[in-house]
**Student:** 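Before I ask anything, here is the structure I am working with.
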Amino acid sequence: MGEANFVKTICGYCGTGCGLVLEVKDNRIMKIRGDKEAPVNKGQTCVKGAFAYEYVHSNNRLSNPLIRKAGILVESTWDEAYQFIADKLSGIRDTWGSNAISMFACARTTNESNYITQKFMRTVIGSNNIDGCNRT
Ligand code: SF4
């Protein structure tokens, strides 16, 4: 077994944004503790931040995109999946207009991802129909 590495990151479970320190060994998370240097949580975490990380290594996680073809989910490449999404969104926009498309962003992703989401919607799709679960 290799040496443990300690990786600082931000918890993605909620918008509080607690600082975490991951103990990683052989590319697996072994343990998580709160980052005492993080101003938001000063070393504290809730139960999710500290213990809910087993899913990271689950074999049930999707590692490739799936596209439903004739009612069956079929594994595809990322290029094929992105093309499929682009074709569908373009088709809806061309047929029904930009306001027929909305995007639901997520509080569990980063500020940067949410920024890109709204930028994509406004500049590429041409719609202001953006919302997020952090508003509820
Ligand atoms: S540790 Fe808990 S409170 Fe902190 S960001 Fe994660 S989910 Fe939110």
Side-chain angles (χ1 to χ4, degrees):
M1 256 201 163
E3 291 278 306
N5 290 314
F6 295 91
V7 180
K8 286 191 174 205
T9 189
I10 304 294
C11 179
Y13 271 120
C14 83
T16 304
C18 293
L20 304 176
V21 179
L22 282 53
E23 184 178 332
V24 180
K25 204 181 276 186
D26 295 328
N27 212 28
R28 291 188 69 87
I29 300 172
M30 308 303 286
K31 190 176 177 183
I32 294 180
R33 64 172 169 78
D35 183 354
K36 291 181 179 160
E37 295 174 2
V40 172
N41 55 312
K42 297 185 171 82
Q44 303 293 312
T45 70
C46 74
V47 68
K48 288 190 295 184
F51 300 111
Y53 60 87
E54 289 296 324
Y55 74 92
V56 171
H57 305 295
S58 169
N59 291 329
N60 292 328
R61 289 187 73 183
L62 292 178
S63 54
N64 290 296
L66 303 174
I67 298 176
R68 192 178 304 278
K69 296 178 179 173
I72 297 169
L73 290 171
V74 179
E75 202 168 276
S76 73
T77 65
W78 285 104
D79 283 347
E80 188 184 2
Y82 286 132
Q83 192 60 55
F84 180 84
I85 294 166
D87 290 346
K88 289 290 184 186
L89 288 176
S90 298
I92 293 168
R93 185 188 57 194
D94 295 347
T95 305
W96 305 102
S98 297
N99 283 330
I101 301 172
S102 66
M103 181 80 78
F104 200 76
C106 181
R108 291 181 177 84
T109 191
T110 61
N111 284 339
E112 291 80 1
S113 291
N114 275 319
Y115 176 81
I116 291 295
T117 298
Q118 63 82 26
K119 202 72 172 170
F120 171 79
M121 283 301 291
R122 292 193 167 106
T123 61
V124 177
I125 301 295
S127 170
N128 287 325
N129 297 331
I130 308 159
D131 208 342
C133 56
N134 44 352
R135 189 174 66 82
T136 57

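All ligand and atom numbering here is 1-based and tracks the order in the structure. Not measured: the values here are computed from a predicted model.
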**Student:** Around atom 7 (S) of ligand 1, find the nearest protein heavy atom and jot down its residue, atom name and distance.
**Tutor:**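 Ranking protein heavy atoms by distance from atom 7 (S) of ligand 1, first comes Y13 CB, 3.3 Å.
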
**Student:** Which of the numbered atoms in ligand 1 are below 4.0 angstrom from a heavy atom of G17?
**Tutor:**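 Answer, ordered by atom number: 5 (S).
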
**Student:** Which ligand 1 atoms are under 4.0 Å away from a heavy-atom of G49?
**Tutor:**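 Selected atoms, number and element: 1 (S).
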
**Student:** Of the protein's non-hydrogen atoms, which lies at the shortest distance from atom 4 (Fe) of ligand 1, and what is that distance?
**Tutor:**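 Atom 4 (Fe) of ligand 1 sits closest to the protein heavy atom C18 SG, 2.3 Å.
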
**Student:** Apply side-chain contact (heavy atoms from CB on, under 4.5 Å) to F51 and I32, showing your working.
**Tutor:** CA-CA 7 Å; F51 300 111; I32 294 180; over 6 Å; no

**Student:** Restricting to N/O/S atoms, is C46 within less than 2.8 Å of atom 8 (Fe) of ligand 1 or not?
**Tutor:**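 Checking atom 8 (Fe) of ligand 1 against C46, no N, O or S atom falls under 2.8 Å.
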
**Student:** Please name the pair of heavy atoms, one in A100 and one in I92, separated by the smallest distance, quoted to 0.1 Å.
**Tutor:**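 Heavy atoms of A100 and I92 come nearest at CB-CG2, 4.0 Å.
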
**Student:** Check step by step if side-chain hydrogen bond (donor to acceptor under 3.5 Å, both in side chains) holds for D87 and Q83.
**Tutor:** CA-CA 6 Å; D87 290 346; Q83 192 60 55; 2.9 Å; yes

**Student:** For atom 8 (Fe) of ligand 1, what is the closest protein heavy atom, and at what distance to 0.1 Å?
**Tutor:**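 Its nearest protein heavy-atom neighbour is C14 SG, 2.3 Å.
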
**Student:** Could you tell me whether a side-chain N or O of N99 sits under 3.5 Å from a main-chain N or O of S127, the two making a donor and an acceptor?
**Tutor:**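 Side chain of N99 to backbone of S127, a donor-acceptor pair under 3.5 Å: no, none is there.
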
**Student:** S102 and side chain to side chain contact (heavy atoms under 4.5 Å, CB included): which single residue from N129, I130, N128 fits?
**Tutor:**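 Passing option: N129.
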
**Student:** Identify the protein heavy atom lying closest to atom 6 (Fe) of ligand 1, giving its residue, its atom name and the separation to 0.1 Å.
**Tutor:**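 The protein heavy atom lying closest is C11 SG, 2.3 Å.
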
**Student:** If you count heavy atoms of other groups shown closer than 6.0 angstrom to NZ of K48, is the number above 12?
**Tutor:**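 More than 12 within 6.0 Å, yes.
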
